[in-house]
Number of protein chains: 2
Amino acid sequence: MLRNGRQAPRVTASEEALLPIDTILVGDCIEHMNALPAGSVDLVFADPPYNLQLSEGLTRPDQSRVDAVDDDWDKFDSFAHYDAFTRAWLKAARRVLKPDGALWVIGSYHNIFRVGAALQDLDYWLLNDVVWRKANPMPNFRGTRFTNAHETLIWAARDRKSRVTFNYEALKLANDGTQMRSDWLFPICTGAERLKNGEDEKVHPTQKPEALLYRVLNATTRPGDVVLDPFFGTGTTGAVAKKLGRHFIGIERETPYVSAALKRIAAIRPASAEAVATTTPKRAEPRIPFGSLIEQGMIAPGTQLVDDRRRFAALVRADGSLASGPHQGSIHRVGALVQGAEACNGWTFWHLERGGELAPIDVLRTDIRQRMALLSA
Amino acid sequence: MLRNGRQAPRVTASEEALLPIDTILVGDCIEHMNALPAGSVDLVFADPPYNLQLSEGLTRPDQSRVDAVDDDWDKFDSFAHYDAFTRAWLKAARRVLKPDGALWVIGSYHNIFRVGAALQDLDYWLLNDVVWRKANPMPNFRGTRFTNAHETLIWAARDRKSRVTFNYEALKLANDGTQMRSDWLFPICTGAERLKNGEDEKVHPTQKPEALLYRVLNATTRPGDVVLDPFFGTGTTGAVAKKLGRHFIGIERETPYVSAALKRIAAIRPASAEAVATTTPKRAEPRIPFGSLIEQGMIAPGTQLVDDRRRFAALVRADGSLASGPHQGSIHRVGALVQGAEACNGWTFWHLERGGELAPIDVLRTDIRQRMALLSA
DNA sequence: CCTTCGTTTGAATCGCCCT
DNA sequence: AAGGGCGATTCAAACGAAG
């Protein structure tokens with residue numbers, strides 16, 4: 001933890017009197033922020049509109065309709081309008097921040113580049129960009145792009161000289177003794193955590209998982225800190241702040257979100273001080289697809305594979321497929337096709353010449369796993 | 001893969017004559033790009049500098065204010081100059097790209113937000129942001145931030161209407177049957193792959209791993225495509241392009257990098273054309289009208305078709321249309337109508353009784369395609 | 001009670017060709 | 001150039017029903 005010396009509470013009684021602590025302010029976030037005292041907030045967490053530009057109606061392969069984010073609050077006429085909006089709220093947030101305060105903002109490729117550039121232009125000082133890897137993202141239904149499996153967060157200090165809070169030791173401890181990295185793995189917000197209206201209508205289209213906010217607040221605030229969220233939504237920031245013994249100020253324009261947030265936060269019992277530990281997400285299993293052996297130079301395109309008795313042969317192609325006579329496809333599929341079998345485990349079926357002897361290609365996968373494990377250790 | 005029909009080579013002899021194919025151009029990338037013919041390149045891969053030293057040779061319009069400039073002015077100036085530089089090379093790259101061309105750019109949080117915003121402002125169309133997760137990143141020695149464990153790539157089309165190359169099926173196949181996601185895991189470039197001067201002095205400070213370029217080129221180019229790298233460095237793009245049977249054009253200002261790249265690429269033996277061949281996607285298969293199944297006697301008029309659960313039935317008519325109650329039309333249209341759906345793939349929806357079991361009529365299409373392939377072989 | 005299987009769903013800039 | 005038809009396309013997780 002930086003700034004070790006200071007153990008005094010971050011919010012004095014007089015400050016609290018001026019600040020609308022643990023409250024939701026209803027209305028425009030820029031106006032509300034401008035009405036708050038300058039230099040009064042330790043952290044801003046912001047989940048602004050992403051400015052998605054969606055075409056009409058996307059359907060899944062089973063013809064069901066995808067529930068799009070088509071709310072009015074996400075509509076902007078142009079990049080210029082979005083930029084003006086972004087700079088206005090970032091400027092207001094900067095005024096409200098303490099000199100050693102910091103800001104988090106989350107976004108996707110639709111908006112995050114504009115937000116990041118605006119932060120730099122407004123003299124915020126970028127500390128990290130952090131990637132939220134989604135364990136269960138929505139697939140790309142049309143097969144036209146890479147699965148959009150992550151969102152980006154930016155962590156920035158109010159200015160270059162800010163000495164921001166970073167609970168390095170606690171994070172390292174919670175991360176099995178190694179430094180916390182800039183890529184975080186969490187599931188999206190589903191199940192019981194997801195707020196619903198009655199049967200199954202989402203209260204908010206883009207509710208963030210509490211685990212994400214846990215990590216953010218645990219990493220970059222101290223107990224008693226004041227966290228301002230100008231796009232409060234259904235109050236994930238407030239809910240986690242309360243659990244972790246931090247104060248929140250929420251600002252939200254849409255009253256249905258406000259009432260849901262109030263109810264949600266009221267039901268929360270703050271955790272005891274000891275319980276304020278980071279949630280440890282399950283470690284990402286290093287799954288090694290066959291294609292990565294080629295990418296990483298362990299098998300060259302054009303290499304010949306054979307089965308253990310050399311009855312069948314196949315050619316490794318650059319794109320990770322095999323070709324054997326008229327057959328092409330994955331290691332498993334071609335293995336099945338040449339045998340006339342229904343299925344086949346290509347990892348154990350296909351072999352490689354290694355010093356005059358045949359070895360199943362599975363040994364390469366073992367090699368790569370060990371290499372990856374060594375590297376990350 | 002999009003752009004189904006075209007199986008012709010991407011570079012004709014006449015185009016090659018005009019393009020400095022498989023060559024490194026020494027000098028400023030903007031000047032060199034402006035000297036290339038417009039619309040001539042399939043892909044740009046760019047690893048631009050982000051740590052520009054702009055203080056030298058920098059002329060401000062108002063010389064008298066330079067002395068009085070404080071940190072903020074400096075900061076603004078460097079961002080402004082970086083932006084000007086970025087927009088200049090992105091504009092030059094866009095001119096050189098074919099209408100259906102695309103661009104990749106890699107960067108870190110220091111520059112990527114400015115690059116991304118510039119791309120949007122210049123009417124590129126963002127397709128994905130991709131995260132390169134480093135298996136072995138440099139730790140944060142001072143313990144003041146999260147370990148900077150990733151870099152960001154942006155994949156963008158020349159414009160919104162570009163029909164870019166994306167080898168979806170090959171990627172999915174090489175990824176053990178699931179879509180390739182936007183987060184990629186690779187080790188950084190070390191070991192034998194890392195170019196060194198003599199003992200252990202790195203030739204280039206930020207040499208990218210070949211695995212990264214391998215995935216980029218495999219995903220978004222076809223054999224024979226021309227890939228332009230305006231910041232060629234030690235030629236990773238050229239090396240991988242040569243391996244994969246793609247053409248490259250490198251541009252590099254620093255002659256030590258150029259000589260290292262030349263030597264490196266000369267030593268590479270390209271994979272065989274056979275090994276570089278990509279999996280043929282379904283979208284590229286020849287179209288078979290349903291009527292031809294009837295013409296060729298594979299289905300008799302009057303045959304009854306049902307869906308996989310026998311909920312719906314339809315009658316094949318001699319003209320290639322279906323009839324089901326009040327509905328009539330193509331296999332797709334009637335499939336949609338009986339379900340009350342917007343759309344339907346009749347080939348997979350409608351089934352035929354075959355020896356007591358149901359088989360989709362798509363198997364008949366497969367038969368016909370195989371027959372045609374044999375005839376033309 | 002547990003297991004298995006089917007259904008639902010999530011910040012999404014998600015075709016191509018022919019007429 | 002705009003519209004309509006063909007026909008290609010999904011993964012992990014949670015939940016509920018069925019066995």
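Chain A is the first sequence line, chain B the second, and so forth, proteins listed ahead of strands; every chain is numbered from 1.
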task: Mind checking B:Ser330 for me? I need base, sugar-phosphate or nothing, with any heavy atom below 4.0 Å counting as a touch.
output: sugar-phosphate
message: Tell me if the side-chain of A:Lys134 makes a donor-acceptor pair with the base of C:dA11, cut-off 3.5 Å, by modelled atom types.
response: no
query: Can we say B:Arg133 and B:Glu151 salt-bridge, meaning some charged N sits less than 4.0 Å from an Asp/Glu carboxylate O?
result: no
message: Whether the side chain of B:Arg365 and the base of D:dG7 hold a donor-acceptor pair under 3.5 Å is what I'd like checked.
response: no
D:dG7 phosphate, OP1 or OP2, under 4.0 Å from B:His332 side-chain N/O: yes
task: Starting from the 5' end of DNA chain D, give me the residue, A:Met138 or A:Gly191, whose nearest nucleotide shows up first.
output: A:Met138
task: Could you tell me whether the phosphate oxygens of C:dC14, OP1 or OP2, come under 4.0 Å of any side-chain nitrogen or oxygen in A:Ser55?
output: yes
message: With a 4.0 Å cut-off on N to O distance, would you call B:Glu169 and B:Lys282 a salt bridge?
response: no
query: According to a strict under-4.0 Å criterion, is B:Lys172 in side-chain N/O contact with OP1 or OP2 of D:dT10?
result: yes
- prompt: So what does B:Ile331 hit on the nucleic acid, given a heavy-atom distance under 4.0 Å: a base, only sugar-phosphate, or nothing?
  reply: nothing
message: Tell me if the side-chain of A:Arg145 makes a donor-acceptor pair with the base of C:dT13, cut-off 3.5 Å, by modelled atom types.
response: yes
A:Asn136, nearest nucleotide to its side chain (from D:dA8, D:dA13, C:dT13): D:dA13
query: B:Asn345 near the nucleic acid: base, sugar-phosphate alone, or nothing, with a heavy-atom cut-off under 4.0 Å?
result: base
statement: Picking from C:dA11, C:dC14, D:dA8, the nucleotide nearest the side-chain atoms of A:Phe141 would be C:dC14
message: Considering every strand and a 4.0 Å limit on heavy-atom distances, what is the contact class for A:Ala192: base, sugar-phosphate, or nothing?
response: sugar-phosphate
task: Under 4.0 Å between any heavy atoms, over every strand shown, what does B:Asp129 touch: base, sugar-phosphate, or nothing? Just pick one.
output: nothing
